[in-house]
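Reading through the structure tokens given below for one structure.
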Amino acid sequence: MKILVVFTGGTIGCVRKGEVLSPDNEQKYMLTQMYLDRYGDVDFDTAEPYTVLSENLEGCHMNRLADCLQSYDLNSYDGIVVTHGTDTLQYTSAFLAYIFDGLNVPIVLVSANYPLDDSRSNGFENFVGAIDFIKSGSGNGVFVSYKNADLPVTIHRASRLLAHSAYSDELHSIFDESYGKIQNGIFVKNTRYKALKSEFAFDESVRLSDNSNVLKISATVGMQYPEITENVKAVLLEGFHSGTLNTDGKALNDFCQKAKAMNIPVFLTGACKGFYYESKLKFDGLNIKVLPPASPIAMYIKLWFLPKSEFDKAFLPCAEDFYDND
């Protein structure tokens, strides 16, 4: 078994210095050494395109990670593990999912809620879960291995992750439909998991621009919408939990009128079939395009990738986006 491990920083590669967590050049190798000491049945190659606390992640880092991965013959490995920080894990996961969706071997991202030398850390369990999943040969493309408290390690499709809840390090897939779990070292696939054939594919050479130029806005009560500038190529609204917005409010109506006048498309994420509140009947009149059910972060990354000319064909239901096709 031969696995490439790509280190990028994050808590999983940090040490505590007093009250401060900082990346450490040696700490990252603790993962592979711990695994070899306990199991000793894998040949690891390692790479390190950058080291960053994930809250400092920018588009240039994700581009550099893709360049690093593509500099290797990935098909010569049984799998690839990418270590990452938890804060922005969902962004890099979605980014890699779009580029490497057609890869014939799995890429699995792992992170940690605490440094590896902290007894509360799930980092090593996440890493072992990733190796167990790779050994199972149960999926190609991009995944995330992560253990929530008191639960087995869960394997998620990388583009289906939701943002963390406030003050929580738990990780969840949209609708809690993960790809499967690791139980006693064995991968067990979730029988409820659904996937559709993608009708839109990204070229593996595509990269992110320096800035996304996507204005992402979350709905709040009494909110005031920001000014739109000509630099904005798209607006991504994230509605309340049932996919609603205050469509009676003057703020949203004025905002959408200005976006339409500037030919800036406005998308809504977070809406599902059913629950057709009367407020939703106004979406068409406001020129709000409702996206299929999918991870809002994945939709943000997708909009960041794409030129405006490709928006329409790109947001058909596709394999990396969770879509209710009942």
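- Among residues two or more places apart in sequence or in another chain, the ring-ring contact (aromatic ring centres under 6.0 Å, His included) test is passed with Y300 by W304.
- The only option from V144, I80, V142 that meets the side chain to side chain contact (heavy atoms under 4.5 Å, CB included) definition with L96 turns out to be V142.
- Donor-acceptor pairing under 3.5 Å is lacking for the side chains of H156 and S178.
- For F95, the ring-ring contact (aromatic ring centres under 6.0 Å, His included) partners two or more places apart in sequence, or in a different chain, are F305.
- Listed by first and then second residue, the side chain to side chain donor-acceptor pair (under 3.5 Å) pairs involving residues 218-230 are E227-K258 (not counting sequence neighbours).
- Contact of the V235 side chain with the L237 side chain is registered, since non-hydrogen atoms from C-beta on lie closer than 4.5 Å.
- When all heavy atoms are compared, the tightest approach of T11 to Y114 is CG2-C, 3.4 Å.
- Linking Ile, Leu, Val, Met, Phe, Trp and Tyr residues whenever their side-chain heavy atoms come within less than 4.5 Å places F143 and F124 in a single cluster.
- Judged by distance alone, the side chain of N246 and the main-chain N or O of G249 form a donor-acceptor pair under 3.5 Å.
- Of all heavy-atom pairs between M1 and K135, the closest is CE-CG, 3.5 Å.
- Proximity of a side-chain donor or acceptor of N253 to a complementary backbone N or O of T247 within less than 3.5 Å is detected.
- A salt bridge does not link K289 to D312: none of the charged side-chain nitrogens sits closer than 4.0 Å to a carboxylate oxygen.
- Using a distance-only test at 3.5 Å, with no hydrogens or angles considered, a donor-acceptor pair links the side chain of N140 to the main chain of N104.
- When the ring-ring contact (aromatic ring centres under 6.0 Å, His included) test is applied to H61, the partners found at least two apart in sequence or on another chain are Y50.
- No donor-acceptor distance shorter than 3.5 angstrom exists from the side chain of S145 to the backbone of V110, with no hydrogens or angles considered.
- At a cut-off of 3.5 Å, with distance as the only test, a side-chain donor of R157 or Y193 sits close to an acceptor on the other residue.
- L268 and G243 get closest at one heavy-atom pair: CD2-O, 3.5 Å.
- Taking all atoms of both residues into account, the shortest heavy-atom contact from P226 to L215 is CG-CD2, 3.9 Å.
- Under a 3.5 Å cut-off, the side chain of Q90 and the backbone N or O of L162 do form a donor-acceptor pair.
- In this structure, F240 has no ring-ring contact (aromatic ring centres under 6.0 Å, His included) partners at least two apart in sequence or on a different chain.
- A salt bridge (Lys or Arg N to Asp or Glu O under 4.0 Å) check over residues 231-243, counting only residues at least two apart or in different chains, returns the pairs K216-E238.
- Of all heavy-atom pairs between S111 and T86, the closest is OG-CG2, 3.2 Å.
- Side-chain atoms of S168 do not come within 3.5 Å of backbone N or O of S165 as any donor-acceptor pair.
- Screening V82, L109, T8 for a side chain to side chain contact (heavy atoms under 4.5 Å, CB included) involving T92 leaves a single residue, L109.
- In this structure, K2 contributes its side chain and G79 its backbone to no donor-acceptor pair below 3.5 Å.
- Contact annotation: the side chain of V6 approaches that of P49 to within less than 4.5 Å [non-hydrogen atoms, C-beta and beyond].
- Contact of the T46 side chain with the F7 side chain is registered, since non-hydrogen atoms from C-beta on lie closer than 4.5 Å.
- Heavy atoms only, all atoms of each residue included: D78 and P106 are closest at O-CD, 3.5 Å.
- Using modelled atom types, one side-chain atom of S295 and one backbone atom of L161 make a donor-acceptor pair closer than 3.5 Å.
- The aromatic rings of Y39 and Y35 lie tilted to each other, with the angle between the two planes from 30° to 60°.
- Residues K280 and V290 fail the side-chain proximity criterion, which asks for heavy atoms closer than 4.5 Å.
- For N122 (side chain) and K147 (main-chain N/O), a donor-acceptor pair under 3.5 Å exists by modelled atom type.
- Side-chain N or O atoms of D118 include one that pairs as donor or acceptor with a backbone N or O of R120 at under 3.5 Å.
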